[in-house]
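Everything below concerns the one structure shown next.
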Amino acid sequence: MTAAHRSSAVARARRTSRRASGRRDSTARIWSWPIIIALVSTAGLVAALVGDGLLDLVSWLGLGVPVAVSAWFWVRRQRATPR
């Protein structure tokens with residue numbers, strides 16, 4: 001293998017490596033908030049099933065987060081849509 005051929009193979013491997021790490025970063029960015037919302041919702045459901053008093057407040061907050069996030073994005077989209 002010549003030196004020029006070897007250097008182009010190394011450059012190709014670096015580009016592929018960068019692309020793969022970029023995909024990994026974007027996947028983490030895409031899934032991080034949905035996972036957080038799912039965990040908060042699960043905590044709200046468990047709190048609603050298990051206890052009373054303070055846990056009622058925790059359940060209301062936990063189950064209200066997905067509703068609030070959905071409403072916020074819906075309002076934001078309505079404002080951005082030209083009529």
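W74 shares a hydrophobic cluster with V75; the chain of contacts runs through ILVMFWY side chains whose heavy atoms sit under 4.5 Å apart. Hydrophobic clustering, defined by side-chain heavy atoms of Ile, Leu, Val, Met, Phe, Trp and Tyr closer than 4.5 Å, groups L45 together with L63. Under a 4.5 Å side-chain heavy-atom criterion applied to ILVMFWY residues, the cluster that includes W31 comprises I30, I35, L39 as well.
When every heavy atom of S59 is checked against every heavy atom of G44, the shortest pair comes out as CB-O, 3.2 Å. Taking each heavy atom of S41 and P66 in turn, the nearest pair found is OG-CG, 3.0 Å.
Checked against side-chain contact (heavy atoms from CB on, under 4.5 Å), S70 has no partners two or more places apart in sequence or in another chain. Applying the side-chain contact (heavy atoms from CB on, under 4.5 Å) criterion to L54, with sequence neighbours excluded, gives L57.
Taken to the nearest 0.5 Å, the CD1 atom of I37 stands 11.5 Å off from the OG1 atom of T42.
A single hydrophobic cluster is seen to contain both V69 and V40, as judged by linkage of ILVMFWY side chains at heavy-atom distances under 4.5 Å, directly or through other members.
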